[in-house]
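A short write-up of the structure that comes next.
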Amino acid sequence: MAAQPIPNPVRPAFAPGERDDTVVVSIGPSHPATHGTIQIFAELDGERVVRADVHCGYLHRGFEKECEAHTWHNCIPYMDRLNYCSPLINDFAYCETVERLMQVEVPRRAVVLRTLLSEYSRLTDHITCIAASLMELGAMTAFLYLVMIRDYMYEHIAALTGARVTHSFGRIGGLARDLPPGWLERLEEILVQADDFVGRVHGLVDRNRIFIDRMRDVGVLTQKDAISYGYTGPMLRSTGVARDLRKDTPYLCYAELDFEVPVGIKGDNYDRYYVRMREMDESVHMIRQCVDLLEPGPVITADRRCALPDKQAVYGEIESLINHFKLVMEGPRVPAGEIYHAHEAANGELGFYLVSTGEGNPYKVHCRAPSFVHMGGAHLMLEGYQLADLVPTFGSINMIGGECDR
Amino acid sequence: MGAEVFDRVKSRLAAREEEASLVHGILVVNLAPGAVREAAGRLRELGFDMFLDVTAVDWPGREPRFDVVWHFYSTTDFVRVRLKARVPEASPVVPSLTALYGSAAFMERECHEMYGIGFEGNADLRPLLLYEGFVGHPLRKDYPKEAEQPLVPYRD
């Protein structure tokens, strides 16, 4: 039997053959130069990109629909899979949004640990972004330096959470467990090494002629466009706008920390690289402050509306057994209402808009994912530049398919 | 800081007091669908220069069936405003904000495919996360979670 032709799932905004002096090429959705499954239709005049049409959705898995069929707790593993380079930030952003809706008080130790782990995740995210984009420009040594450090961090987080990438470590009301013995000592060792290797990368590429030629004045995003297109995070800061939710609307314990918000000048690829490098320094500085702020105490609230009772009590007394059963089978009862709350994730404003009808399942979970919004303006940074510039520019946007396509 | 901004927004946007309220730190303004475009324009004048998000909430059985929800952020005052408008199932159409905010184009495309909300003035509502030829609107409550629409037929 002859194979049926498969209909084209994507309709580009411009058809090939509209102009006879240009060529339309389709790049992706599975292309070595696009980390992330994404398709870019580029209309080329010689080597220059005239128009670009960015298509995402190849990783769409119905995250928001699926959440509606799960209890508030059972959604947490899905959050890890939004931005899988910094899963803990997603966990904590979601949990804090639910906690605000429930008006649950989170213990001090959990708040400080969440801040610490958020910054640790930001480190791994920025390292991934910078390492991958440097590798695409041929800087293999810098890539290996950085992913080596990242792997130390992954192993170290695995010692705490039990998983290298998808940790599911946040809980509504706190954290899954406390730090294992010796974790903070190892943390300091890794931070010292991270400082060292980030310094080496600075030395390797910052003043490298090839690197500057590929990055400086390429993929320029203006301040006006960045704000109009809803850009947040390092992308917005690289254009010189010092907006950071950690400073502007402090959450967790960011108000107590001393840190700077690095900004760029031109909003080009080089600035985006440099802003991320500087943010890593600030993250290391913040992690050390968080270690000093840590005090002994519980890591999850005693509020029985959302937190599971102690396992010993579940086995020993009927109230706790029923409590456990109700929380697992029916989910925590979140008061009816709606809320939008956002954290400064590694890529920008990660917001959750939740609607509850008072049930154990969310009525609606909507994720305002920075990568998705950034894709909406990606053509601005591609048009007018060389086809080869698409690689470093796309790398510097750090599009994460998991949160972009949901 | 936030309170006076909210007062300013309230006085410029809401005709009556009961249309605006403060919910979990965000000013929520309920509007008629036709008034959204003008309200967004006023918000932009008031410093709400960042359009964060548009989505919808489906309430089957209620008339009008959909809530369309917009979020705005002010990068100078660090506060958010939420606009809400109810639209019926028969004509789920709201004005597009693409002329005011660049980010609206992509987000309205997503809301259109997921809920079937029409955005008057947005000429490019092609599928974004879904594909050409997808039937239905998956985030509506009456779309079954298990439904499959494979582009490539399964082999036996």
Side-chain angles (χ1 to χ4, degrees), chain A residues 4 6-13 53-60 62 64-66 68-69 97 100-101 103 224-232 236 241 243 245 247-249 337-342 349 351 353 355 357 363-364 366-368 372-378 380 404-406, chain B residues 1-2 23-26 28 44 49-59 67 69 71-80 82 84 100-111 113-114 123-124 126-134 138-141 143-147 151-153:
Chain A
Q4 293 287 319
I6 299 165
N8 192 350
V10 160
R11 177 160 44 104
D53 182 23
V54 181
H55 282 266
C56 39
Y58 287 93
L59 230 59
H60 180 64
E64 288 166 5
K65 184 86 177 169
E66 202 64 53
E68 292 170 11
T97 313
R100 286 187 179 213
L101 201 49
Q103 296 182 316
K224 194 167 149 278
D225 281 344
I227 289 181
S228 167
Y229 277 82
Y231 277 75
T232 46
L236 178 63
V241 185
R243 290 283 71 90
L245 293 180
K247 270 272 195 259
D248 302 340
T249 56
E338 53 176 356
I339 187 167
Y340 179 92
H341 181 58
E349 172 162 346
Y353 172 61
V355 179
T357 49
Y363 189 76
K364 176 183 172 67
H366 177 76
C367 171
R368 189 261 183 213
F372 176 73
V373 182
H374 292 172
M375 282 300 105
L380 299 171
C404 178
D405 298 346
R406 283 157 288 152
Chain B
M1 172 187 74
V23 183
H24 292 289
I26 292 182
V28 184
R44 214 171 74 138
D49 46 2
M50 197 172 274
F51 175 56
L52 290 176
D53 200 25
V54 59
T55 186
V57 190
D58 182 10
W59 302 96
D67 281 340
V69 183
H71 284 100
F72 299 87
Y73 181 64
S74 163
T75 59
T76 42
D77 298 308
F78 314 140
V79 285
R80 297 195 177 88
R82 176 187 305 148
K84 281 176 84 174
L100 295 170
Y101 298 95
S103 52
F106 238 48
M107 292 185 243
E108 289 176 358
R109 266 171 83 179
E110 190 208 354
C111 188
E113 64 182 351
M114 292 297 169
D124 180 15
R126 289 172 295 149
L128 182 59
L129 300 181
L130 305 176
Y131 46 82
E132 289 293 331
F134 190 93
L139 280 180
R140 285 189 178 185
K141 290 283 178 186
Y143 187 92
K145 182 163 72 82
E146 298 75 17
L151 270 185
V152 183

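Proteins come first, then strands; the chains are lettered A, B, ... in the order of their sequence lines, and each starts at number 1.
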### Sidechain N-carboxylate O distance under 4.0 Å for A/Lys364, A/Glu68
no
### Residue B/Arg80 versus chain A: region with a heavy atom under 4.5 Å
side chain
### Query
When heavy-atom pairs shorter than 4.5 Å are enumerated against chain A, which of B/Leu52, B/Thr75, B/Leu100 gives the highest number?
B/Leu52
### Message
Taking the basic N atoms (NZ, or NE/NH1/NH2) and the acidic carboxylate oxygens, is any pair closer than 4.0 Å for B/Arg44 and B/Asp49?
### Response
no
### Query
Highest number of heavy-atom pairs under 4.5 Å with chain B: which of A/Asp225, A/Asp405, A/Thr249, A/Leu236?
A/Asp405
### Query
Given that the side chain runs from C-beta out, which part of B/Asp124 has a heavy atom under 4.5 Å from chain A: side chain, backbone, both or neither?
neither
### Task
Below 4.5 Å from any heavy atom of chain A, which atoms of B/Val23 appear? Answer side chain, backbone, both or neither.
side chain
### Task
Run the salt-bridge test on A/Arg243 and A/Glu349 with the 4.0 Å N-O cut-off and return the result as yes or no.
no
#### Entry: Contacting moiety of B/Ala123, where chain A heavy atoms sit under 4.5 Å
neither
### Message
Less than 4.5 Å to any heavy atom of chain B: does that hold for the side chain of A/Val241, its backbone, both, or neither?
### Response
neither
### Query
Mind checking whether B/Phe72 and B/Phe51 have ring centres under 6.0 Å apart?
yes
### Message
Looking at A/His60 and A/Arg406, would you say the former's side chain and the latter's main chain have a donor-acceptor pair under 3.5 Å?
### Response
yes
### Message
According to ring pair (Phe, Tyr, Trp, His ring centres under 6.0 Å), who are the partners of B/Tyr73, at least two apart in sequence or on a separate chain?
### Response
none
### Query
Tell me, side chain or backbone of A/Val10 under 4.5 Å from chain B's heavy atoms, or both, or neither?
backbone
### Query
In terms of ring plane angle, is the pair A/Tyr363 and B/Trp59 parallel, tilted or perpendicular, where the classes change at 30° and 60°?
parallel
### Task
Check whether A/Tyr58 gets within reach of chain B through its side chain, its backbone, both or neither, counting any heavy atom under 4.5 Å.
neither
### Query
Is chain B contacted by the side chain of A/Leu245, its backbone, both, or neither, given a heavy-atom distance below 4.5 Å?
side chain
#### Entry: Close side-chain approach of B/Phe134 to B/Glu113, heavy-atom, < 4.5 Å
no
### Task
Tell me, out of A/Glu338, A/His55, A/His341, who's got the most heavy-atom pairs with chain B below 4.5 Å.
A/Glu338
#### Entry: Option that, when pairs with chain B are counted at under 4.5 Å, heavy atom only, ranks first among A/Gly57, A/Cys404, A/Ser228, A/Gly351
A/Ser228
### Message
Does this structure show an ion pair linking B/Glu146 with A/Lys65, if we count only N-O contacts that are shorter than 4.0 Å?
### Response
no
### Summary
Checked B/Thr55, B/Leu128, B/Val57 vs chain A; the most non-hydrogen pairs under 4.5 Å come from B/Thr55
### Query
Out of B/His24, B/Met50, B/Lys145, B/Arg126, which one racks up the most heavy-atom pairs below 4.5 Å with chain A?
B/Arg126
